[in-house]
Amino acid sequence: MAAAVFHQCIGAIQVHSCGTEKSGNSSLRFTSRGFVIDCGLLRKGTCSSHRCKLHVIRACTSDASVMDPISSTSHNAIDSSQNTSIETALILIRHGESLWNEKNLFTGCVDVPLTKRGVEEAVEAGKRISNIPVDMIFTSTLIRAQMTAMLAMTQHRRKKVPIVMHNESKEAKAWNQIYSEETKKQSIPVITAWQLNERMYGELQGLNKQETAERYGKEKVHEWRRSFDIPPPNGESLEMCSQRAVAYFREHIEPHLQSGKHVMVAAHGNSLRSIIMYLEKLTSQEVISLELSTGIPLLYIYTEGKFMRRGSPVGATEAGVYAYNRTLALYRQELDEMLH
């Protein structure tokens, strides 16, 4: 089906070349809304203009249904000869301060919102990433992570609208449809997943951390909070949280980075620690000492199958901070030209 649509849109392609080679072949990749086409060119003849035969090698659908000219350009900023080393951005943000963070309570998977300070942290995070391309957003199912993602995107210079995708039922998916192609281009899909939730703290959820330490002893509570494989009563260990979070990242997020999309993940301390453990190949001892501040984005560059940590962007005021690679530098330049 994708190939048929592609044929209708593109029609015939004529290639002119000059050379002494009598025969040869090459391949082209075309991307269009919702699908990818890999094509082969078969050529016969000598120096002069030739008409080449185009045959489809592979056609497949894409998960992305939302595009815009700026982000599309950012995907293809590197010429075709460098496609094997395409660079994409991965932004990780731990949610801003929640109401239970403020009260020093074990939160876990209890769904509580941000405090006023948490809202301010999310807005500040958005300012730091306001020049970095974002094509897709993944969050947990918990409101504090979703609020952080939405508030952060209000500061982005591209002014695209994040829209939560509801796929929990046929009715929800149908009722969530957007019927304007132009509106789709100015939108960013937001995908929620329980696998990105904070680790479940079991019987500690809702308890005051200080009172819990007094009841069970500081050493026992520290063991529950900071060990890798020891869970609190009826809860998850970091290892258990890591298994679900990393599996989801590898299956549902990493393929988008590989295909050239820039991704933001707004989640929680332990689910993000788990993902960072995977990205940076940390040991179980190294990850338990990893601290993530609320509302501080971390930038990674994905290239040639590897993740390079770039730390936290400092904001839109410093021109050189986004020149980590050609793709991000070009994106910022295009934003400047479009908005001024």
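Phe138 is not listed as a side-chain neighbour of Phe249, based on a closest heavy-atom distance of 4.5 Å or more. Residues Val190 and Ile163 have side chains not in contact (no heavy-atom distance under 4.5 Å, counting atoms from C-beta outward). Within the 4.5 Å cutoff, the side chain of Leu105 has no heavy atoms near those of the Leu207 side chain. Using a 4.5 Å heavy-atom threshold, the side chains of Thr107 and Tyr201 count as separate. A heavy-atom distance below 4.5 Å is found between the side chains of Val265 and Leu272. Taking 4.5 Å as the limit, some side-chain heavy atom of Gln177 sits within range of a side-chain heavy atom of Tyr179. Under the 4.5 Å side-chain criterion, counting only non-hydrogen atoms from C-beta, Glu254 is in contact with Tyr302. Within the 4.5 Å cutoff, the side chain of Pro113 has heavy atoms near those of the Met147 side chain.
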* To do: Mind running side chain to side chain contact (heavy atoms under 4.5 Å, CB included) on Phe307 and Leu257 for me, showing each step along the way?
  => CA-CA 10 Å; Phe307 291 92; Leu257 294 163; 3.7 Å; yes
* Would Val110 and Leu142 satisfy side chain to side chain contact (heavy atoms under 4.5 Å, CB included), going step by step from the backbone distance to the final call? -> CA-CA 8 Å; Val110 180; Leu142 304 177; over 6 Å; no
* To do: Dump the intermediate steps for side chain to side chain contact (heavy atoms under 4.5 Å, CB included) on Leu151 and Leu114, then the final yes or no.
  => CA-CA 11 Å; Leu151 289 166; Leu114 300 179; 4.2 Å; yes
* Would you check, one step at a time, whether the test side chain to side chain contact (heavy atoms under 4.5 Å, CB included) holds for Trp175 with His166? => CA-CA 9 Å; Trp175 293 354; His166 288 282; over 6 Å; no
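Of the possible donor and acceptor atoms, one in the side chain of Asn176 sits under 3.5 Å from a partner among the backbone N and O of Val164. Remark: side-chain polar atoms of Ser293 are not paired, donor with acceptor, to backbone N or O of Ile296 under 3.5 angstrom. Under a 3.5 Å cut-off, the side chain of His156 and the backbone N or O of Arg158 do form a donor-acceptor pair. Under the 3.5 Å distance criterion, the side-chain polar atoms of Glu286 are matched with a main-chain donor or acceptor of Thr283. Looking only at distances, no side-chain donor or acceptor of Glu203 sits under 3.5 Å from a matching main-chain atom of Gly235. Between the His262 side chain and the Ala89 main chain, a donor and an acceptor come within less than 3.5 Å of each other. Under a 3.5 Å cut-off, the side chain of Gln146 and the backbone N or O of Thr141 do form a donor-acceptor pair. When atom types are taken as modelled, the side chain of Thr148 and the backbone of Gly96 share a donor-acceptor pair closer than 3.5 angstrom. Put simply, the side chain of Ser274 gets close to the backbone of Asn270: a donor and an acceptor are under 3.5 Å apart. With Ser271 contributing its side chain and Glu198 its backbone, the two residues share no donor-acceptor pair below 3.5 Å.
Residues Gly295 and Ala125 come closest through the heavy atom pair O-CB, 3.3 Å. When all heavy atoms are compared, the tightest approach of Asp135 to Gly260 is OD2-O, 4.3 Å. For Pro162 against Met153, the heavy-atom pair with the smallest separation is CG-CB, 4.0 Å. Between Ser237 and Arg199 the shortest heavy-atom distance is CA-NH1, 3.6 Å. For the pair Leu298 and Ser312, the tightest heavy-atom approach, listed with the atom from each and the gap, is CD2-N, 4.2 Å. Nearest heavy-atom pair, Pro313 versus Pro297, reported as atom, atom and distance to 0.1 Å: CD-O, 3.9 Å.
Between Glu280 and Arg309 there is a salt bridge, since a side-chain N of the basic residue sits under 4.0 Å from a carboxylate O of the acidic one. Glu223 and Lys220 are joined by a salt bridge, as a carboxylate oxygen and a charged side-chain nitrogen come within less than 4.0 angstrom of each other. Ion pair Arg244/Glu236 flagged as a salt bridge, since at least one NZ, NE, NH1 or NH2 atom sits closer than 4.0 Å to an Asp/Glu carboxylate oxygen.
Distance CZ/Arg273 to CG/Leu92: 14.0 Å, rounded to 0.5 Å. Atom-to-atom distance recorded for Ile91:CD1 and Ile137:CD1 is 9.0 Å, nearest 0.5 angstrom. Separation of atoms NE2 (His256) and OG1 (Thr88) is listed at 11.5 Å; rounding is to 0.5 Å. The line from CZ of Arg144 to CG of Asn101 is 7.0 Å long, rounded to the nearest 0.5 Å. Rounding to the nearest 0.5 Å places NE2 of His268 at 10.5 Å from CD1 of Ile275. A distance of 10.0 Å separates CD1 of Ile132 from OH of Tyr331, quoted to the nearest 0.5 Å.
Both Ile253 and Tyr278 sit in one connected hydrophobic cluster of ILVMFWY residues. Membership requires side-chain heavy atoms under 4.5 Å apart, directly or through other members. In terms of hydrophobic clustering, with Ile, Leu, Val, Met, Phe, Trp and Tyr side chains grouped at heavy-atom distances under 4.5 Å, Phe228 and Met240 are assigned to different clusters. Linking Ile, Leu, Val, Met, Phe, Trp and Tyr residues whenever their side-chain heavy atoms come within less than 4.5 Å leaves Ile93 and Ile143 in two separate clusters. Hydrophobic clustering places Val263 together with Ile191 (ILVMFWY residues linked when any side-chain heavy atoms are closer than 4.5 Å, directly or through intermediates). Under a hydrophobic-cluster definition in which Ile, Leu, Val, Met, Phe, Trp and Tyr are linked whenever side-chain heavy atoms come within less than 4.5 Å, directly or via other members, Leu292 and Leu90 are assigned to the same cluster.
Under the side-chain hydrogen bond (donor to acceptor under 3.5 Å, both in side chains) test applied with Thr294, the options Arg94, Glu97, Glu121 reduce to a single match, Glu121.
Heavy-atom neighbours of Lys209 NZ from other residues, nucleotides or ligands within 6.0 Å: above the threshold of 12. Residue-environment remark: NZ (Lys281) stays at or below the threshold of 12 foreign heavy atoms within 6.0 Å. A 6.0 Å sphere centred on CD of Glu168 holds more than 12 heavy atoms belonging to other residues, nucleotides or ligands.
For Trp100 and Phe106, the distance between ring centers is not under 6.0 angstrom.
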